[in-house]
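Per chain, numbering begins at 1; letters A, B, ... match sequence-line order. Heavy-atom basis, side chains included; hydrogens, waters and symmetry copies ignored. Quick caveat: nothing in here was measured; it's all calculated off a predicted structure.
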Amino acid sequence: NAGVMQNPRHLVRRRGQEARLRCSPVKGHSHVYWYRQLPEEGLKFMVYLQKENIIDESGMPKERFSAEFPKEGPSILRIQQVVRGDSAAYFCASSPLPNTEAFFGQGTRLTVV
Amino acid sequence: DQQVKQNSPSLSVQEGRISILNCDYTNSMFDYFLWYKKYPAEGPTFLISISSIKDKNEDGRFTVFLNKSAKHLSLHIVPSQPGDSAVYFCAASEKGSGTYKYIFGTGTRLKVLA
């Protein structure tokens with residue numbers, strides 16, 4: 001859905017650098033979800049946020065990964081000290097209500113070299 | 001532990017015929033199911049959903065069937081069109097329990113032949 005904007009579309013980082021992925025939800029949506037898709041796999045849930053709050057981060061790796069959804073501005077998924085295994089497509093989705101149909105952005109393809 | 005399974009990685013169908021994509025799940029607490037379509041280098045696009053209180057939901061050429069006793073759902077596309085060629089993901093969630101994440105299957109690549 002064109003309403004969810006993710007940037008950048010492609011991101012290349014060297015091992016050890018930080019990656020910042022941005023997501024602007026559909027206007028009026030206050031529920032944001034991040035998913036990761038590894039090659040040849042399905043989408044894996046990472047985190048669910050409402051404005052200024054992390055509601056469910058059960059899919060987030062315990063280290064190096066963090067997410068926020070501030071009162072103003074986009075949601076940010078931050079990966080510190082990236083490793084090759086972090087290479088994947090990261091999708092953001094938003095919904096007007098929790099646990100209703102979510103609309104996905106076009107994703108950010110992270111490549112760690 | 002793959003709670004949502006799409007056992008057919010690919011499917012080819014002739015244009016105009018019916019496409020049937022299948023999905024099985026193991027968690028009996030799932031009560032809400034969705035199908036998404038994904039083109040290469042794009043995000044998933046929502047197609048159709050079904051609540052566990054129903055066994056069928058229809059939207060145009062797309063119909064989803066849910067068999068709770070078998071823990072099985074299927075997506076029927078009829079008639080199939082070349083533009084339907086994409087990867088289809090089924091997803092499930094425990095809407096009633098207040099969790100918010102979708103569990104996705106690994107996808108089925110549909111190819112509709114002209």
Check: Transitively linked via ILVMFWY side-chain contacts under 4.5 Å: V4(A) with Y90(A)?
Finding: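 As far as the 4.5 Å side-chain criterion goes, Y90(A) and V4(A) are not connected within one cluster.
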Check: Out of curiosity, does V87(B) fall in the hydrophobic cluster containing Y39(B) (side-chain heavy atoms, cut-off under 4.5 Å, transitive links)?
Finding: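 Y39(B) does not cluster with V87(B).
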Closest non-hydrogen atom pair, [X] against [Y]:
{"X": "S58(A)", "Y": "K101(B)", "value": "OG-NZ, 3.1 Å"}
{"X": "A41(B)", "Y": "R9(A)", "value": "O-NH2, 2.9 Å"}
{"X": "E42(B)", "Y": "R109(A)", "value": "N-NH2, 3.8 Å"}

Next item on the list: State the CD-OH distance between E101(A) and Y36(B), to the nearest 0.5 angstrom.
Entry: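 Atom-to-atom, E101(A):CD and Y36(B):OH are 7.0 Å apart.
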Would you call [X] and [Y] a side-chain contact if the rule is heavy atoms closer than 4.5 Å?
{"X": "K38(B)", "Y": "F91(A)", "result": "yes"}
{"X": "I103(B)", "Y": "F45(A)", "result": "no"}
{"X": "Y33(A)", "Y": "Y102(B)", "result": "no"}
{"X": "F89(B)", "Y": "Q37(A)", "result": "yes"}

How about [atom1] on [X], more than 12 heavy atoms from neighbouring residues, nucleotides or ligands closer than 6.0 Å, or not?
{"X": "R64(A)", "atom1": "CZ", "result": "yes"}
{"X": "K51(A)", "atom1": "NZ", "result": "yes"}
{"X": "K5(B)", "atom1": "NZ", "result": "no"}
{"X": "R61(B)", "atom1": "CZ", "result": "yes"}
{"X": "Q81(A)", "atom1": "CD", "result": "no"}

Checklist line | Part of A102(A) lying under 4.5 Å from any heavy atom of chain B | finding: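 Interface part for A102(A): both.
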Next item on the list: Take F46(B) and F104(A) through the test ring-ring contact (aromatic ring centres under 6.0 Å, His included) and record every step on the way to the result.
Entry: CA-CA 8 Å; F46(B) 169 74; F104(A) 281 81; over 10 Å; no
